[in-house]
Amino acid sequence: MSDTTEGSPTYSRTPRTTPTRYKDRATWEQEAIHAILDSAYICHLGFIADGAPVVLPTIYARVGSRLYVHGSTGSRPMRGASGEQGMPVCVTVTQVDALVLTKSAFNHSVNFRSVVAHGTAYQVTDPEELDVALAALVDHAVPGRSAEVRPANPKELAATAVLRLELDEVSAKTREDAADDDPEDVDLPHWSGLIPVTTVHGAPEPHPGTAVPLPAHLRRYPR
């Protein structure tokens with residue numbers, strides 16, 4: 001479910017998406033949440049298997065207010081989400097923007113952007129939706145890539161599974177503060193400040209067996 005706050009569409013707040021600490025860092029605005037999801041490559045998928053919590057890293061893609069999470073047909077989350085009841089999950093995405101170094105060990109921190117989504121995931125079984133999901137997973141990392149490669153064949157499709165999670169119960173949380181020292185620490189003879197963290201994409205490196213020139217969608221990379 002979604003609401004509109006001051007003209008900006010937002011996801012509905014729930015007890016699970018309302019942080020108990022630093023509530024001022026949280027947002028339910030769809031635009032902010034989508035931007036964080038679109039900027040990362042890896043999510044962590046949490047679920048219960050055999051009575052114990054499991055968290056797996058995997059790739060994902062957003063299509064509107066829906067997340068598609070990649071997996072294999074034999075994996076535990078895909079087996080758990082294959083029925084009509086689906087599988088309760090928690091999906092998280094985090095981007096680290098800076099290491100925050102202060103004059104006290106206690107106040108060291110990290111500047112970050114994160115999204116946490118709760119809900120029930122279902123395995124995608126409709127062939128048309130599966131085509132959309134698989135193309136989105138490829139294009140999420142490299143826009144335009146799915147149109148430049150061979151589609152999956154029946155054998156590959158039989159080994160591939162995708163989870164669908166509606167972005168309904170979701171929020172984002174960010175920290176973008178300076179390395180502010182406590183007043184009693186300001187005069188201590190220690191360095192304080194930020195170490196920015198960025199992801200750098202190098203120039204594409206062709207495989208020895210690649211004879212074609214660099215395609216346009218890769219010449220435009222990084223995104």
Visitor: List the residues meeting side-chain hydrogen bond (donor to acceptor under 3.5 Å, both in side chains) with Arg175, not counting sequence neighbours, and say none if there are none.
Guide: Ser109, Asn111
Visitor: Using modelled atom types and a 3.5 Å cut-off, is there a donor and acceptor pairing between side-chain atoms of Thr27 and backbone atoms of Glu29?
Guide: yes
Visitor: Quick one, Val69 and Cys43 - any side-chain contact, counting heavy atoms below 4.5 Å?
Guide: yes
Visitor: Test of understanding: clusters of I, L, V, M, F, W, Y form through side-chain heavy atoms closer than 4.5 Å, transitively. Do Leu194 and Val197 belong to the same one?
Guide: no
Visitor: When you measure from the side chain of Thr17 to the backbone N and O of Arg13, does any donor-acceptor pair fall under 3.5 Å?
Guide: no
Visitor: Do you know which two heavy atoms are closest between Ala172 and Val115, and how far apart they sit?
Guide: CB-CG2, 4.0 Å
Visitor: Please work out whether the ring planes of His140 and Tyr41 are parallel, tilted or perpendicular, with thresholds of 30° and 60°.
Guide: perpendicular
Visitor: Is there a donor-acceptor contact under 3.5 Å linking the side chains of Thr14 and Glu169?
Guide: yes
Visitor: Checking Glu148 side chain against Arg145 main chain: does a donor-acceptor pair fall under 3.5 Å?
Guide: no
Visitor: Can you tell me how far the NZ atom of Lys103 sits from the CG atom of Asp182, to the nearest 0.5 Å?
Guide: 11.5 Å
Visitor: In terms of hydrophobic clustering (I, L, V, M, F, W, Y; side-chain heavy atoms under 4.5 Å; direct or indirect links), are Val162 and Val63 co-clustered?
Guide: yes
Visitor: Checking Asp177 against Arg25 for the salt bridge (charged side-chain N to carboxylate O under 4.0 Å, His left out) test, could you report, in this order, the C-alpha distance in whole Å, the side-chain angles of both residues, the deciding distance, and whether it holds?
Guide: CA-CA 10 Å; Asp177 299 338; Arg25 294 177 180 171; 3.2 Å; yes
Visitor: Do Leu67 and Val91 touch side chain to side chain, with heavy atoms closer than 4.5 Å?
Guide: yes
Visitor: With no hydrogens and no angle check, do the side chains of Glu84 and Tyr122 hold a donor and an acceptor under 3.5 Å apart?
Guide: no
Visitor: Identify the two heavy atoms, one from Trp28 and one from Pro19, that lie closest to each other, and give their separation to 0.1 Å.
Guide: CZ2-CD, 4.3 Å
Visitor: I need the Leu157 CG to Leu130 CG distance, nearest 0.5 Å.
Guide: 6.0 Å
Visitor: Which atom pairs, donor and acceptor, lie under 3.5 Å between side-chain atoms of residues 184-193 and protein residues at least two apart or in another chain?
Guide:
{"residue": "Ser192", "atom": "OG", "partner": "Asp181", "partner atom": "OD2", "Å": "3.0"}

Visitor: Nearest heavy-atom pair of Pro143 and Ala141: which atoms, and what distance?
Guide: CD-O, 3.8 Å
Visitor: Would you check if the side chain of Arg62 reaches a backbone N or O of Gly64 as a donor-acceptor pair within less than 3.5 Å?
Guide: yes
Visitor: Looking only at heavy atoms, which two atoms of Cys90 and Val116 are closest? And how far apart?
Guide: SG-CG1, 3.7 Å
Visitor: Go through the steps for Arg113 and Ser39 under the test side-chain contact (heavy atoms from CB on, under 4.5 Å), then give the verdict.
Guide: CA-CA 10 Å; Arg113 294 163 287 142; Ser39 69; 3.6 Å; yes
Visitor: Going from NE2 on His118 to CG on Leu165, what distance comes out if it is rounded to the nearest 0.5 angstrom?
Guide: 10.5 Å
Visitor: List the atom of Val170, the atom of Ala117, and the distance in Å for their closest heavy-atom pair.
Guide: CG2-CB, 3.9 Å
Visitor: Is there a donor-acceptor pair closer than 3.5 Å between any side-chain N or O of Glu166 and the backbone N or O of Gly119?
Guide: no
Visitor: Using 0.5 Å steps for rounding, measure from the NZ atom of Lys173 to the CD1 atom of Ile33.
Guide: 13.5 Å
Visitor: Could you state the interatomic distance from CG (Leu163) to CE (Met87), rounded to the nearest 0.5 Å?
Guide: 5.5 Å
Visitor: Say whether Ile36 and Tyr11 are linked into one hydrophobic cluster, either directly or through other cluster members, by side-chain heavy-atom distances under 4.5 angstrom.
Guide: yes
Visitor: Could you grab the distance from atom CG of Leu101 to atom CG of Asn107, nearest 0.5 Å is fine?
Guide: 11.5 Å
